[in-house]
Each structure stands twice: as structure tokens, then as C-alpha cells.
Amino acid sequence: AHFAQTVVLQAGAMISAMGGIDAIAFTGGIGEHDAQMRARIAEGLAWTGLRLDAAANAANALALAAPGSAVAAWIVPAAEEAEIADATRRLLQSG
């Protein structure tokens, strides 16, 4: 619960500074695989007009927004291992 609250507080500050959002992306281990955490975060950001489709969220579908949601919601798969491997390759090649 503390993690979700922290995410909502930080996201809320950024959303306010930007004057709103059109979409939100859930990524990384938690964002890609934890439907309960996504639901908690979306609930905390409901003031933005974000509404998750419960079935899509439970299925870890890439498109998560419920019909009529004012904000799009997506799972964006991270390629963390590939990024680490690429950075390591570049470092090794640079000598």
C-alpha cells in the first residue's frame, strides 16, 4: 500500500506540473506483472479520468483503459536485460 501511495503522490505532482496527461504507461517488473498494484495506482489517479478495464488488467493485456476512460493506459514491456547487454557491449568495445 505504501508503494502505491508513493507512486500516486509522485505521479500526481508530475501530472500537475504538466497540466494533465493523455496516457499512462506501466512498465518494469511491477508495472508489467502486478495487476493489483496497477489497480491501486489507477484508483489513486482516478481524478485524472483514468479508469482501468478490470478484465484487461487481470489478464496483463497491453491496453488497459476501460471504455470511456479519459486517459489511455498501457503496459509497455521493458527490455532491461537488452539495455544492460547493449550498454555492456558498448563499454567493452570502447576499450
Side-chain angles (χ1 to χ4, degrees):
H2 178 72
F3 178 78
Q5 182 180 30
T6 300
V7 170
V8 168
L9 289 171
Q10 294 299 312
M14 289 184 278
I15 293 165
S16 175
M18 293 185 299
I21 57 172
D22 298 318
I24 187 164
F26 293 95
T27 192
I30 293 171
E32 290 178 50
H33 305 291
D34 192 336
Q36 184 179 17
M37 188 59 63
R38 287 191 303 266
R40 286 182 178 173
I41 292 167
E43 183 178 305
L45 296 175
W47 59 272
T48 66
L50 174 62
R51 302 284 181 272
L52 293 188
D53 179 298
N57 187 42
N60 293 324
L62 293 180
L64 298 171
S69 178
V71 174
W74 301 94
I75 290 178
V76 178
E80 295 151 330
E81 295 86 0
E83 289 295 326
I84 292 167
D86 188 49
T88 302
R89 179 189 51 76
R90 287 193 313 269
L91 181 64
L92 291 172
Q93 288 176 340
S94 70

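Below, each value reflects all heavy atoms present in this structure, side chains not excepted, and no hydrogens, waters or symmetry copies.
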* To do: Check Ile15, Val71, Ile21 against Leu50 for a side chain to side chain contact (heavy atoms under 4.5 Å, CB included) and give me the one that passes.
  => Val71
* Please name the pair of heavy atoms, one in Phe26 and one in Gly31, separated by the smallest distance, quoted to 0.1 Å. => CB-O, 3.4 Å
* To do: Indicate, with yes or no, if Val76 and Leu62 share a hydrophobic cluster defined by side-chain heavy-atom contacts under 4.5 Å among Ile, Leu, Val, Met, Phe, Trp and Tyr.
  => no
* Compare every heavy atom of Gly28 with every heavy atom of Glu80, then report the nearest pair and how far apart it is. => OE2-CA, 3.9 Å
* Find out if a path of hydrophobic residues (ILVMFWY) with successive side-chain heavy-atom gaps under 4.5 Å connects Leu9 to Trp47. => no
* Return the minimal non-hydrogen interatomic distance between Ala63 and Ala56, and the atom names on each side. => O-CB, 3.5 Å
* Asked: Are the side chain of Ser94 and the backbone of Leu91 linked by a donor-acceptor contact shorter than 3.5 Å?
  -> yes
* To do: List the atom of Pro67, the atom of Asp53, and the distance in Å for their closest heavy-atom pair.
  => CD-OD2, 4.2 Å
* Asked: Is a side-chain donor or acceptor of Asn57 paired with a backbone partner of Ala35 at a separation under 3.5 angstrom?
  -> yes
* Quick check: does any side chain N or O of Arg51 sit under 3.5 Å from a backbone N or O of Ala46, one acting as donor and the other as acceptor? -> yes
* Met18 with Ile41, same ILVMFWY side-chain cluster at under 4.5 Å -> yes
* **pair Leu52-Ser69: side-chain heavy atoms closer than 4.5 Å** => no
* Nearest 0.5 Å please: distance from the CD1 atom of Ile84 over to the CZ atom of Arg89. => 14.0 Å
* To do: Indicate if Ile30 and Trp74 have the same hydrophobic cluster label, given that clusters are the connected sets of ILVMFWY residues with side-chain heavy-atom separations under 4.5 angstrom.
  => no
* Starting at CG of Asn60, measure out to NE2 of His33 and round the result to the nearest 0.5 Å. => 7.5 Å
* Asked: Hey, are Arg38 and Asp34 close enough for a salt bridge, meaning a charged N less than 4.0 Å from a carboxylate O?
  -> no
